[in-house]
Every structure is written in structure tokens, then in C-alpha cells.
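Below is one structure, written out as C-alpha cells; comments come after it.
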Number of protein chains: 2
Amino acid sequence: MARAATTSDVFNAIAERQRRQILVLLRAGERPVAELAHELGMTQPGASKHLRVLREVGLLKERKAGKQRLYRLDARGLRPVHEWTGGFEQLWNERFDRLDAYVQDLKHARREE
Amino acid sequence: MARAATTSDVFNAIAERQRRQILVLLRAGERPVAELAHELGMTQPGASKHLRVLREVGLLKERKAGKQRLYRLDARGLRPVHEWTGGFEQLWNERFDRLDAYVQDLKHARREE
DNA sequence: TTGACATATTCCGATATCGGCATATGATTG
DNA sequence: CAATCATATGCCGATATCGGAATATGTCAA
């Protein structure tokens with residue numbers, strides 16, 4: 001066996017810088033492919049591929065408008081990621097404060113020897 | 001060119017299921033490698049590799065304890081991910097409510113034709 | 001020092017990924 | 001219909017990934 005699929009998994013979909021940039025751009029509203037490609041300095045096929053991945057994990061919706069296809073953000077899929085990381089919030093606040101305190105204690109103890 | 005590096009990027013590090021499971025387990029406190037491997041049903045080398053990736057992106061700290069190496073969570077690196085996804089919070093709440101309303105309107109309009 | 005234990009590293013094969021390029025599909029206009 | 005514009009898809013090469021197996025490294029204990 002080899003690797004986990006990138007599609008059908010939001011965590012993998014947003015692991016790519018350019019895809020994250022696409023999502024950020026689309027926060028301002030729907031846009032056509034060529035515009036996204038241009039603003040992010042990538043080729044049109046490149047943009048289309050990333051858009052496909054994002055669409056397949058449900059983060060994007062597509063809408064036809066004449067020759068263009070307008071992509072729109074559906075941010076709901078990001079919520080699980082937000083919540084998962086949120087499950088560590090206590091730790092990145094509290095626990096390392098405790099560690100700092102512990103380190104401080106060590107320094108004091110050493111100084112007193 | 002080919003791909004972005006998995007290491008030196010927290011988004012990529014947590015894109016892997018097993019690595020996420022490791023982080024969850026370590027929320028309860030530091031643990032030796034073999035224990036993690038056993039609880040997650042993976043081989044020892046497999047665990048070591050994932051631990052390495054997590055350590056290299058700064059999510060894990062290592063501590064020697066006799067023959068063992070205890071891995072401890074440093075969740076601070078997850079904060080950027082939490083904040084990045086949090087930047088979409090308005091959207092996954094508000095904007096799709098509006099869309100739903102819009103869709104409802106369409107249905108109504110069609111029914112009245 | 002030797003042996004046993006815990007972990008890390010290396011090598012391998014299968015596969016997935018990304019970017020580039022060429023081309024196919026689809027829609028609009030004349 | 002033909003031409004054009006917008007986008008998607010297919011193929012390719014380079015490389016990264018994951019899992020497995022074997023082996024190396026490191027640490028303790030007798």
C-alpha cells in the first residue's frame with residue numbers, strides 16, 4: 001500500500017499552499033477560473049486542478065455563467081478542522097505556561113546550589 | 001518541479017490521519033514510542049517515522065528516559081491552523097444561511113409561476 | 001563486554017502528487 | 001456551421017509519500 005488519497009479529505013486539501021490561497025481569495029466572493037489563476041500567478045490548468053480538488057472535498061461550489069465557471073466558497077468543510085485544532089487550545093495556552101514555570105524553578109534551584 | 005515538502009509545514013504534518021491520532025493520544029501526556037505504536041496498531045518503525053515528522057514541524061518534544069524516548073505534545077504549532085480556519089468562521093455561519101434563503105426564494109418563485 | 005531492550009534509520013516498491021504542455025470539451029458569437 | 005473564448009482533462013516526468021522489512025544506533029543490566 002501507498003498513500004492516503006488527497007481528495008475526499010479536507011485536511012489534505014488544505015495542506016497545499018496554493019489551495020489555501022484560493023480559499024482566501026474566494027472569501028471575498030465568487031470568481032472565474034482565469035481570474036484566480038492570474039491573481040495567484042499560476043497557469044489555467046493548474047488552477048483548474050486545484051479547484052477540482054477543493055470542489056471534490058466540498059469546499060467549493062461551481063456555477064456556470066456563460067463561458068465562465070464561477071467558483072464560490074463553501075467554508076463549512078473547514079469547521080471540522082477548526083474544531084479539531086480547537087481541541088488543543090487548552091494545551092497551547094496552559095500546559096506550556098506550566099512548563100515555563102517548571103523551567104524557572106529549575107533555574108532557581110540551580111542558582112541556589 | 002514536484003511537490004511541497006511535508007516536513008517544515010504543520011498543515012502537511014496534520015494531513016495524515018495517523019499523525020493526527022498521535023497528537024490526540026499525546027494530549028493526555030507524554031508517552032514512549034512503543035506504547036503509541038501499540039495503541040494505534042502500527043509498527044514501531046512506522047510510529048517512529050510519524051513522530052519524526054511531527055517533531056520536525058515542532059509539534060512534538062522528545063525526552064530521554066532510560067531506554068525509552070518520551071514524546072510530549074507542543075500544541076502551539078496548531079494555533080496558526082486554528083486561526084487560519086477561524087478566518088472563515090463568519091462564512092460557514094452567515095453566508096450559507098443567506099444562500100439557503102436565496103434558494104427558498106427561488107422555490108417560492110417557481111411555485112408561483 | 002555481552003546481551004537484551006527501545007528506538008531510529010535505511011532501503012525498497014507501489015502509488016500519489018504537482019507542474020507543464022498539449023489537447024479536449026463546452027459555450028457563445030457571428 | 002465555424003471561430004473563439006473559458007475551462008477541463010490527459011499525459012508526462014520528477015519527486016515525495018507511506019508502509020514494510022531489515023538493520024543500525026543507543027541504553028541499560030548482568
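A, B, ... follow the sequence lines: proteins, then strands. Residue 1 opens every chain. Quantities reported herein were computed from a predicted structural model and do not represent experimental measurements. Hydrogens, waters and symmetry mates are skipped; everything else that's a heavy atom, side chains included, is used.
Separating the CD1 atom of B/I22 from the C1' atom of D/dG19 is a distance of 14 Å, rounded to the nearest angstrom. The nearest whole Å value for the distance from the CG atom in B/L54 to the C1' atom in D/dT17 is 15 Å. Rounding to whole angstrom units, CE of residue B/M42 and C1' of D/dC18 are separated by 12 Å. In this structure, A/E16 atom CD and D/dA16 atom C1' are separated by 11 Å, rounded to whole Å. Computed from coordinates, the B/Q18 CD to D/dC18 C1' distance equals 9 Å when rounded to whole Å. The interatomic distance linking A/H38 (NE2) with D/dT7 (C1') rounds to 17 Å, in whole Å. Separating the CZ atom of B/R63 from the C1' atom of D/dT27 is a distance of 15 Å, rounded to the nearest angstrom. In this structure, the CG atom of B/L40 is 15 Å from the P atom of D/dC18, given to the nearest Å.
Residues forming a salt bridge (Lys or Arg N to Asp or Glu O under 4.0 Å) with B/E89 (at least two apart in sequence, or on another chain): none. With sequence neighbours excluded, the residues forming a ring-ring contact (aromatic ring centres under 6.0 Å, His included) with B/F88 are B/W84, listed by chain and number. With sequence neighbours excluded, no residue forms a side chain to side chain donor-acceptor pair (under 3.5 Å) with B/Q21. Remark: B/R17 pairs with no residue by the salt bridge (Lys or Arg N to Asp or Glu O under 4.0 Å) rule, at least two apart or across chains.
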TODO: Give the B/S/- string for nucleotides 4-9 of chain C, one per nucleotide from 5' to 3', where a protein heavy atom under 4.0 Å of the base yields B, of only the sugar-phosphate yields S, and otherwise -.
DONE: -BSBBB
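In this structure, A/R63 and A/E30 have side chains that are in contact, with non-hydrogen atoms separated by less than 4.5 Å.
OP1 or OP2 of C/dC18 lies within a sub-4.0 Å distance of a side-chain N or O belonging to A/R19. Close to C/dT17, at under 4.0 Å from its OP1 or OP2, lies no side-chain N or O of A/H50.
Residues in residues 32-44 of chain B take part in these salt bridge (Lys or Arg N to Asp or Glu O under 4.0 Å) pairs, two or more places apart or across chains: B/R31-B/E35, B/R31-B/E39.
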